[in-house]
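A quick write-up on the structure given underneath.
Only this structure's heavy atoms are used, side chains among them; waters, hydrogens and symmetry mates stay out. We name chains A, B, ... by the order of the sequence lines, and we start the count at 1 in each one.
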Protein chains: 2
Amino acid sequence: MATKPPAENMARSTKQRTAILELLEHDDAFRSAQDLHAILREAGSKIGLTTVYRTLQAFAEADIVDVMRLPGGDHLYRLCSAEEHHHHLVCRSCGRTVEVAGPTVERWANKVAADHGFTDVGHTLELHGLCAECSK
Amino acid sequence: MATKPPAENMARSTKQRTAILELLEHDDAFRSAQDLHAILREAGSKIGLTTVYRTLQAFAEADIVDVMRLPGGDHLYRLCSAEEHHHHLVCRSCGRTVEVAGPTVERWANKVAADHGFTDVGHTLELHGLCAECSK
DNA sequence: CCCAATCATGACAATCATTGTCAACATCTA
DNA sequence: TAGATGTTGACAATGATTGTCATGATTGGG
């Protein structure tokens, strides 16, 4: 089980990376690279789109952010709080996100896999709906 | 809860649609639109790529095929046998796929969602591992 | 404090799967 | 069989993501 090296990429600390990180800290919904880029430009930054993409990728590899894929196929990023394995319950209207642990699912997944002779099993699970606010 | 109309798209039966369907019948792994198109051309068909995409989309909407999304974001299609809701256990080596029902997961998903005040909840779940064959 | 080594950035081009367009064509029904 | 209409396919267009490469920033050593 190759544990990911902390962040052997990202050797340096730069304005751009700091800016992106701060943006993510004040936001609890998933954002796309393009979104973040737009927001930063709006705020006067001269940051390039390429940089935003690269930075987010690096963050993802360093497990600093969670990645999620939209039906359309785009990547969304969000600062991740929990260290352990978890899933997301996302509001499809406002993007608000709740992290949920799923021991039940883990067990179920392992059992099903074993029943079919599969080994080395992983899973992807995502819940989406309307949050209390948006349900009104 | 708008139940999907059987297949109100796809009014007619054509060579192309038949060809795609036959191809899927002889295949129990997920294939991309581009793959299927290549195979058909290889076999002498003059079918267009656009048609393959449209046909697969229509099949998917009519619940004739299952859709799955690759990490890269591409769509993969496969003939689906089960009528009811189900998930897939896919071998990441050979692509072999087993359809599994997940009442446990359904219940869990609904409970978690309710606990957080979410409504109209759906979910995406996918299992991947190494099948008995490929485990050796 | 200054400098060089090198990592990071940003403008731009290039990919590539997928979708839009539209005239030519095939299918089905009357 | 003819006509109305669903389908097709070549091609262009889209749009997010990645590759390139010269320029700029950061950091540790002197």
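In this structure, R41(A) reaches the sugar-phosphate backbone alone: every heavy-atom distance under 4.0 Å involves primed, P, OP1 or OP2 atoms, never a base. Backbone-only contact: R17(B) has heavy atoms under 4.0 Å from sugar-phosphate atoms and none from a base. Looking at heavy-atom distances under 4.0 Å, Q16(A) makes contact with sugar-phosphate atoms alone, never a base. Within 4.0 Å of S32(B), counting heavy atoms only, lies no atom of the nucleic acid at all.
Using a 4.0 Å cut-off, no side-chain N or O of H75(A) falls inside it from OP1 or OP2 of dA16(D). For the OP1/OP2 pair of dT18(C) and a distance below 4.0 Å, the side-chain nitrogens and oxygens of Y53(B) include at least one atom meeting the criterion.
Classification of the H86(B)-H88(B) ring pair by plane angle, with boundaries at 30° and 60°, yields perpendicular.
Among dT26(D), dG9(D), dT27(C), the nucleotide with an atom closest to any side-chain atom of I47(B) is dG9(D). Residue T14(A) places its side chain closer to dA8(C) than to any other of dA8(C), dT21(C), dT7(D). The nucleotide whose nearest atom lies closest to any side-chain atom of S13(B) is, among dT9(C), dT18(C), dC28(C), dC28(C). When distances are taken from the side chain of Q57(B) to each of dG9(D), dT19(C), dT18(C), the shortest belongs to dT19(C). Proximity note for T51(B) (side chain, C-beta onward) versus dG9(D), dA10(D), dT19(C): the nearest is dG9(D). Of the candidate nucleotides dG20(C), dA17(C), dG6(D), dG20(C) has the atom nearest to the side chain of T50(B).
Per the geometry, NE2 belonging to H37(A) stands 14 Å off C1' belonging to dT17(D), to the nearest Å. I20(B) places its CD1 atom 13 Å from the P atom of dT7(D), with the value rounded to the nearest Å. One can place CG of L49(A) at 14 Å from P of dG19(D), the figure rounded to the nearest angstrom. Atom OH of Y77(B) is separated from atom P of dA17(C) by 13 Å (rounded to the nearest Å). For the pair K46(B) NZ and dG9(D) P, the interatomic distance rounds to 11 Å; values are reported in whole Å. dT7(D) atom C1' lies 10 Å from atom CE of M10(B), rounded to whole Å. Atom CG of D74(A) and atom C1' of dC16(C) are 15 Å apart (whole Å). Rounded to a whole Å, the CZ atom of R69(B) is 15 Å from the P atom of dA16(D).
Between the side chain of R12(B) and the base of dC28(C) there is no donor-acceptor pair of N/O atoms closer than 3.5 Å. Side-chain N/O atoms of R54(A) and base N/O atoms of dG10(C) include a donor-acceptor pair closer than 3.5 Å.
Within 6.0 Å of CZ on R96(B) lie no more than 12 heavy atoms contributed by other residues, nucleotides or ligands.
D27(A) has no carboxylate O lying under 4.0 Å from a charged side-chain N of R78(A), or vice versa, which leaves the two without a salt bridge.
Both K15(B) and Q34(B) lie near DNA chain C, and the one whose nearest nucleotide falls closer to the 5' end is Q34(B).
Contact of the Y77(A) side chain with the M68(A) side chain is not registered, since no non-hydrogen atoms from C-beta on lie closer than 4.5 Å. Contact of the V98(B) side chain with the F118(A) side chain is registered, since non-hydrogen atoms from C-beta on lie closer than 4.5 Å.
Aromatic pair H123(A)/H87(B): ring centres not closer than 6.0 Å.
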